[in-house]
There are 2 protein chains.
Amino acid sequence: MIFLNSLQNKMGAQTELILKTSSLSITSSRKKILEIFLSASTALAHQDIEKLAEQYDRVTIYRTLQTFLDRGIIHTIPTTDNTIKYALCSDDCITSGHHHDNHVHFLCDQCGRTLCLDDVSIPAITLPKGYSMKEINMVVNGICKTCME
Amino acid sequence: MIFLNSLQNKMGAQTELILKTSSLSITSSRKKILEIFLSASTALAHQDIEKLAEQYDRVTIYRTLQTFLDRGIIHTIPTTDNTIKYALCSDDCITSGHHHDNHVHFLCDQCGRTLCLDDVSIPAITLPKGYSMKEINMVVNGICKTCME
DNA sequence: TATAGAATGCAACTTTGTTGCAAAATACTT
DNA sequence: AAGTATTTTGCAACAAAGTTGCATTCTATA
Ligand SMILES: [Mn+2]
Ligand SMILES: [Mn+2]
Ligand SMILES: [Zn+2]
Ligand SMILES: [Zn+2]
């Protein structure tokens with residue numbers, strides 16, 4: 001029990017730190033949504049968060065996700081099925097002002113989970129003359145490790 | 001006038017050929033939507049097509065796009081802003097039964113257009129052990145050639 | 001603790017996507 | 001060319017997703 005409280009406190013401290021670092025006021029919905037991301041092993045859709053944070057209004061969740069995106073706390077993952085998934089940015093992302101995610105994302109066709117493959121970086125490409133690159137996304141569909149076993 | 005009719009006829013013949021090749025019955029909505037894709041230089045959202053084919057019901061457009069996807073006549077392009085864009089598959093894609101698009105897509109942050117960079121192929125990557133790849137998408141955001149000038 | 005400013009919840013609304021079914025169009029047979 | 005089976009379409013009704021304005025509540029700070 002003491003142990004659990006300690007964990008809870010640690011998580012609480014972490015979420016408050018993230019919010020402070022981004023100059024955001026500390027509110028219970030923001031902390032809750034950050035906690036959800038921190039304990040999730042996969043990227044989450046808006047709907048996933050709605051289910052895990054039922055006490056908060058749908059609109060609040062929309063606005064909170066947008067705020068987190070603006071501050072670079074989370075990033076979006078484009079998918080082929082018209083659902084945006086959100087995931088926490090790595091420490092690098094969060095601390096640096098400008099967002100620069102550089103890993104590949106994986107969508108499992110079987111379990112439906114979306115994973116950040118933090119260790120697989122996106123290879124460089126050469127664009128035709130006249131094009132300037134700002135962001136790059138690489139998304140792979142297939143079967144994930146867990147589902148293969 | 002004769003010239004225009006000839007162009008029209010050529011486009012008509014082309015759309016009918018595509019439909020026949022995919023064993024689809026030839027209907028005016030399917031021809032119209034194919035014509036839109038053939039004369040478009042960019043990928044299109046459902047909404048774009050709705051505006052360009054006002055005479056047809058929204059539901060018909062949804063179903064037609066789905067049919068074209070199923071037959072591999074068009075492919076989707078995932079975007080970070082929760083809108084799916086559709087584009088004609090290259091000849092290779094259409095003729096071969098199985099879909100294997102392999103080019104990078106470009107989203108211009110200024111004009112909003114989505115372009116198939118047919119000449120830029122997606123580089124290979126190595127996934128962690130246990131993952132199997134089925135499809136791969138690479139989407140680049142930035143400023144397109146036209147907007148740079 | 002008082003107060004200005006920010007965030008939230010609610011209601012109302014728009015947009016996007018889905019489904020069932022009758023009517024219309026197409027492909028196919030004769 | 002006409003008739004018929006099958007497919008496609010439009011409409012209506014609905015469900016889900018996303019947006020906006022505004023009054024209330026909460027947070028930061030003096
Ligand atoms: Mn990620
Ligand atoms: Mn393409
Ligand atoms: Zn899986
Ligand atoms: Zn452009």
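Remember, predicted model here, so these are calculated numbers, not experimental data. Lettering follows sequence order; numbering is per chain, from 1.
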Residue whose closest nucleotide on DNA chain D lies nearer the 5' end, B:Thr64 versus A:Ser28: B:Thr64
How close or far is atom [atom2] of [N] from atom [atom1] of [X], stated in whole angstroms?
X: B:Arg71; N: D:dT8; atom1: CZ; atom2: C1'; result: 13 Å
X: A:Asp57; N: D:dT24; atom1: CG; atom2: C1'; result: 13 Å
X: A:Arg63; N: D:dT19; atom1: CZ; atom2: P; result: 11 Å
X: A:Lys31; N: D:dC26; atom1: NZ; atom2: P; result: 14 Å
X: A:Leu19; N: C:dA6; atom1: CG; atom2: C1'; result: 14 Å
X: A:Leu65; N: C:dT8; atom1: CG; atom2: C1'; result: 15 Å
X: B:Lys20; N: D:dT7; atom1: NZ; atom2: P; result: 19 Å
X: A:Gln66; N: C:dT8; atom1: CD; atom2: P; result: 14 Å

Could you label the plane-to-plane angle of the A:His105 and A:His75 rings as parallel, tilted or perpendicular, counting under 30° as parallel and over 60° as perpendicular?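 Ring orientation, 0 to 90° scale: tilted.
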I'd like to know if the side chain of A:Arg30 and the backbone of A:Ser25 have a donor-acceptor N/O pair within less than 3.5 Å. yes
Among [options], which nucleotide has an atom closest to any side-chain atom of [X]?
X: A:Val59; options: D:dT20, C:dT18, D:dG10; value: D:dT20
X: B:Ser25; options: D:dT9, C:dA27, D:dG10; value: C:dA27
X: B:Ile26; options: C:dA27, C:dT8, C:dT16; value: C:dA27
X: B:Tyr62; options: C:dT16, D:dT9, D:dG18; value: C:dT16
X: A:Arg58; options: C:dT8, C:dT19, D:dT19; value: D:dT19

Strictly by side-chain hydrogen bond (donor to acceptor under 3.5 Å, both in side chains), give each pair with a member in residues 110-119 of chain A just once, sequence neighbours left out. A:Lys85-A:Thr114, A:Arg113-A:Thr146
Under a 3.5 Å cutoff, is there a donor and acceptor pairing between the side chains of A:Thr60 and A:Thr64? no
Along DNA chain C (nearest heavy atom to each residue), the more 5'-positioned of B:Leu24 and B:His46: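 Its nearest nucleotide being more 5', the pick is B:His46.
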Along DNA chain C (nearest heavy atom to each residue), the more 5'-positioned of B:Thr27 and B:Asn82: B:Asn82
Run the numbers on B:Val120 and B:Phe106 for side chain to side chain contact (heavy atoms under 4.5 Å, CB included), then give the verdict. CA-CA 10 Å; B:Val120 185; B:Phe106 190 89; over 6 Å; no
When you measure from the side-chain N and O atoms of B:Gln47 to the phosphate of C:dT16, is any distance below 4.0 Å, counting only OP1 and OP2?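 Checking C:dT16 against B:Gln47, a side-chain N or O does come within under 4.0 Å of OP1 or OP2.
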Quick one: label A:Thr67 by what it contacts on the DNA or RNA (base, sugar-phosphate, nothing), any heavy atom closer than 4.0 Å.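 Since no nucleic acid heavy atom lies under 4.0 Å of A:Thr67, the category is nothing.
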